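Have a look at the structure below, then the notes.
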Protein chains: 2
Amino acid sequence: MQLRRDDVVDGALTILDDYGLADLTMRRLAGSLGVAPGALYWHVSNKQALIGAVSDRILSRLDTVPAAGTPDVLDAVRRRAHGLRDALLAHRDGAEVVASSLSARTVTHPVRATFVHDLLATGLSPDDAGHAADALLYYVLGATSDEQSRLQMESAGALAADLHARDDGGLDRDATARFDFGLELFVDGVRSRVRTLNE
Amino acid sequence: MQLRRDDVVDGALTILDDYGLADLTMRRLAGSLGVAPGALYWHVSNKQALIGAVSDRILSRLDTVPAAGTPDVLDAVRRRAHGLRDALLAHRDGAEVVASSLSARTVTHPVRATFVHDLLATGLSPDDAGHAADALLYYVLGATSDEQSRLQMESAGALAADLHARDDGGLDRDATARFDFGLELFVDGVRSRVRTLNE
DNA sequence: ACCTGAACACCGTTCAAGT
DNA sequence: ACCTGAACACCGTTCAAGT
């Protein structure tokens, strides 16, 4: 049976979830697909592009989040930030993968445009909404990356197993509170900018 | 003449500045020091630790920034953020290098503690100051990484050379304004938190 | 104490040749 | 159109042996 591009991306996502970004190599992926390494280059132009495609898959989950219709415009921003965090946490090393693809500009999913859209609804000017979207993205990516790497160091070290008895299905309550604190800082900043706009 | 640990870190920083992070390999560094690759492992335990040491050097420039004594406590936070950005921009791929070392926890320089210190002075509780410091670090690292990678793509592509006639010595005015916008969002968030605290 | 030589176990990418 | 085989030009790290 012939390999399709989607099979390559599927395989990459599976290796990512099972073994992490460090083990996601072209040779290993080829092996898991039962194909020679060179065969992958018929379907993707290089590793960076492949990781970009993987990021698009990770981000596709964002589209499931209710698009709009929230009464409070600032609350829509909050929900969107949480939607991104959840999408990143759903895959091993998801935050690192998406952050690197975003900086390499190999992502086609319009995450940034979505954030800009939500921020425009708050009353920010187009330029300001763009800059605010960037700032929010930096925060969500950084915070989630950090949270995720802590989680993995923890499960690797298995340290203080009793202190960290977890039955929350992957969502750390402390981590969520920390995330919300930084997010609220950002939202307050936007609010104060919008307020001075309407005076 | 015998190699010292500092020579290894010096050499690494030189390769970083001249050729970038992608070309900073143990074998290349060994070559530039006139030594066999294995020799490096007598001085540093591995590549991650070396990059951590390089990050410490990059961050050492922060100590030159006036420690305190600013009348406005929020302005001290702003200055510290700019100090970090400047330190990162002073070396090729500086933001990426420090961000990765910070997430790998191979940095010994107390950047975070410095930020926490400044934020405590604003009236934030110890917990909140810690979380705010993290959020600010995520922002500065993300924004500066992005700015720096744009700069390098630009100089590589040499696109629109007339539009980007630059005589500002590496400091893009637009980039600084963008950085300040996000920073102000954050500072406003802190301000609103301190205000509700004092009511 | 500090370094070399040589190896081990890998990488990403290219490309003529096959089907 | 899609893939193999084989190569090219690299990696980080280890470690016995040398000085």
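Since this is a predicted model, take the numbers as computed values, not measurements. Chain naming here is simple, since letters A, B, ... match the order of the sequence lines and numbering starts at 1 in each.
- Rounded to whole Å, the separation between the C1' atoms of C:dC2 and D:dA17 comes to 13 Å.
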Watson-Crick or G-U pairs under 3.5 Å in DNA chain D, rendered as dot-bracket with [ ] for crossing pairs and | for another strand: ||.|||||...|||||.||
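- When rounded to the nearest whole Å, the span between CD of A:Q2 and C1' of D:dC2 equals 6 Å.
- Atom P of D:dA9 sits at a distance of 22 Å from the matching atom of C:dC10, rounded to the whole Å.
- Contact annotation: the side chain of B:S32 approaches that of B:I15 to within less than 4.5 Å [non-hydrogen atoms, C-beta and beyond].
- Under the 4.5 Å side-chain criterion, counting only non-hydrogen atoms from C-beta, B:R85 is in contact with B:T176.
- Shown for residues 33-51 of chain B: residues whose heavy atoms fall under 4.0 angstrom of DNA chain D, namely B:G38, B:Y41, B:N46, B:K47.
- Judged as a side chain to side chain donor-acceptor pair (under 3.5 Å), and not counting sequence neighbours, the contacts of A:D188 are A:R191, B:S192, B:R193.
- Between A:M26 and A:P37 the shortest side-chain heavy-atom distance does not fall below 4.5 Å.
- Every pair passing ring pair (Phe, Tyr, Trp, His ring centres under 6.0 Å) that includes a residue from residues 125-150 of chain B is listed here, sequence neighbours excluded: A:F181-B:H131, B:Y139-B:F179.
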Please test A:R112 against A:D134 for salt bridge (charged side-chain N to carboxylate O under 4.0 Å, His left out), starting from the C-alpha separation and ending with a verdict. CA-CA 7 Å; A:R112 199 190 103 106; A:D134 285 335; 2.8 Å; yes
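- Both tests do not hold together for A:R78 against A:F186: distance to the six-membered ring centre under 6.0 Å, angle to the ring axis within 45°.
- Against DNA chain D, the stretch residues 96-103 of chain A makes no heavy-atom approach under 4.0 Å.
- Interatomic distance, A:L141 CG to A:S103 OG, rounded to the nearest 0.5 Å: 9.5 Å.
- Interatomic distance, A:R92 CZ to A:L13 CG, rounded to the nearest 0.5 Å: 12.5 Å.
- Applying a 4.0 Å cut-off to non-hydrogen atoms, the residues of residues 19-31 of chain B that approach DNA chain D are B:T25, B:M26, B:R27, listed by residue number.
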Run A:D174 and A:R178 through salt bridge (charged side-chain N to carboxylate O under 4.0 Å, His left out) and show every step you take. CA-CA 6 Å; A:D174 285 10; A:R178 269 213 308 272; 5.9 Å; no
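- Here CD of A:E147 is found 6.0 Å from OG1 of A:T144. Values are rounded to the nearest 0.5 Å.
- Put simply, the side chain of A:R57 reaches to within 4.5 Å of the side chain of A:D10, judged on heavy atoms.
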Are A:D17 and A:H91 close enough, and set up right, to give a side chain to side chain donor-acceptor pair (under 3.5 Å), and what steps lead you there? CA-CA 6 Å; A:D17 282 333; A:H91 297 275; 3.1 Å; yes
